[in-house]
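See below for the structure under consideration.
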Protein chains: 2
Amino acid sequence: MTRLLLGTRNEGKMHEAKGLLADVLGLELLTFLEVPFSDVDETGTTFYENAILKATSIGRETGLPVLSEDAGLEVAALNGAPGVYSARFAGQPSDASRNNALLLQKLEGVDERTAQFVTVACLYLPDGRLFMTSGTYAGTIARVPRGGGGFGYDPLFVPEGEHRTLGEMSSEEKNRASHRAKALSRMRLILSDLLRSGDL
Amino acid sequence: MTRLLLGTRNEGKMHEAKGLLADVLGLELLTFLEVPFSDVDETGTTFYENAILKATSIGRETGLPVLSEDAGLEVAALNGAPGVYSARFAGQPSDASRNNALLLQKLEGVDERTAQFVTVACLYLPDGRLFMTSGTYAGTIARVPRGGGGFGYDPLFVPEGEHRTLGEMSSEEKNRASHRAKALSRMRLILSDLLRSGDL
């Protein structure tokens with residue numbers, strides 16, 4: 001079995017990544033519960049920079065292949081904010097209900113509520129090789145939070161063609177079409193190829 | 001057909017990329033002969049930075065999906081040089097025979113001649129999404145250039161388990177196992193998935 005460390009401390013992300021990668025043949029998924037790692041300062045100004053930063057830093061610290069991601073919500077009427085600051089929109093420490101409240105406040109009276117979720121996933125291998133995939137999920141921002149599923153902005157995000165928020169959908173439904181599902185399903189293809197060719 | 005612009009002016013790279021991607025269903029490959037684009041300053045200090053820089057810059061200029069790559073040779077005894085400076089090792093403009101001569105000169109009397117080729121490929125989509133794959137090719141540096149095939153350092157590079165240099169191998173043989181073949185075959189997986197899901 002090849003060991004792959006999930007480079008996140010976010011339980012929601014960890015849970016979704018496990019669901020999306022659990023059945024990749026020959027891969028043993030580890031989390032920071034088994035292999036602890038230091039916090040990484042997300043100093044990048046793009047999802048790409050932050051995903052590479054996290055995977056590389058945790059990979060160098062632990063000596064393991066690491067899969068990290070950076071994700072966030074881009075709201076058109078806010079010129080792409082909160083973007084890379086999604087998790088700390090209302091300040092540190094990260095607090096989803098305060099973030100959601102701030103987002104609703106900024107969109108008060110705004111009718112153009114188009115938004116997209118973005119996930120960038122980055123795989124670091126101990127020899128320094130990097131792989132990166134991404135996925136987006138188009139939708140709109142609801143007027144009030146609905147549903148207790150998911151995490152982060154999920155209770156406010158209504159996917160295109162849906163009436164429900166992500167908070168009202170099951171994790172199976174969310175994992176079929178979400179930004180994270182798209183980014184990780186493309187990373188699956190790379191992981192499987194690396195394993196098949198003995199290159200991981 | 002979805003159009004994909006190959007973001008390189010290097011004829012060797014263009015030829016190999018066409019060979020490796022020609023049969024991806026639904027994809028029409030364009031080169032700078034059909035869609036001209038400006039030169040990009042490769043100011044990055046890593047293959048990753050340069051590949052992202054090139055794909056993003058050419059993509060923004062042309063409005064097309066762009067596949068760029070950065071590649072180079074890392075020689076262990078030279079602490080990874082020439083690395084990102086491989087194409088301009090002996091100065092500008094890029095000249096393969098001068099680069100090869102300089103490499104041989106720096107390795108004169110050196111018996112430890114381990115090296116690897118690295119390719120990092122980056123796909124830019126007009127909505128800003130990026131995908132990145134990489135591939136390496138392990139080998140050693142020959143004492144004299146051999147063969148007229150390939151390009152760049154190929155006449156000096158002897159792949160692991162081979163007696164011949166890449167310059168003595170056919171492009172079909174090189175395309176089976178090379179750094180570029182590995183990076184692009186992994187990018188093929190992503191391209192096919194994007195096309196299949198209507199996401200490109």
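Keep in mind that this is a model prediction, so the values were computed, not measured.
- Only the side chain of A:Ile52 comes within contact range of chain B, judged by heavy atoms closer than 4.5 Å.
- Interface check for chain A: of the options B:Thr136, B:Val118, B:Leu130, the most heavy-atom pairs under 4.5 Å are formed by B:Leu130.
- Using a 4.5 Å cut-off between heavy atoms, A:Ser192 does not touch chain B at all.
- Looking at A:Ser134, its side chain never comes within 3.5 Å of a backbone N or O of B:Arg129 through a donor-acceptor pair.
- For chain B, the option among A:Met132, A:Met187, A:Lys182 with the highest count of heavy-atom pairs below 4.5 Å is A:Met132.
- Interface remark: B:Ser197 contributes side-chain atoms only to the contact with chain A (heavy atom separation under 4.5 Å).
- Looking only at distances, a side-chain donor or acceptor of A:Arg188 sits under 3.5 Å from a matching main-chain atom of A:Leu20.
- Using a 4.0 Å cut-off between charged side-chain N and carboxylate O, A:Arg186 and B:Asp199 make a salt bridge.
- The side chain to side chain contact (heavy atoms under 4.5 Å, CB included) search around B:Ala138 returns B:Glu160, not counting sequence neighbours.
- In this structure, A:Leu191 is not a member of the same hydrophobic cluster as A:Leu189, with clusters built from ILVMFWY side-chain heavy atoms closer than 4.5 Å.
- In terms of heavy-atom pairs under 4.5 angstrom with chain A, the leader among B:Asp127, B:Thr46, B:Leu194 is B:Leu194.
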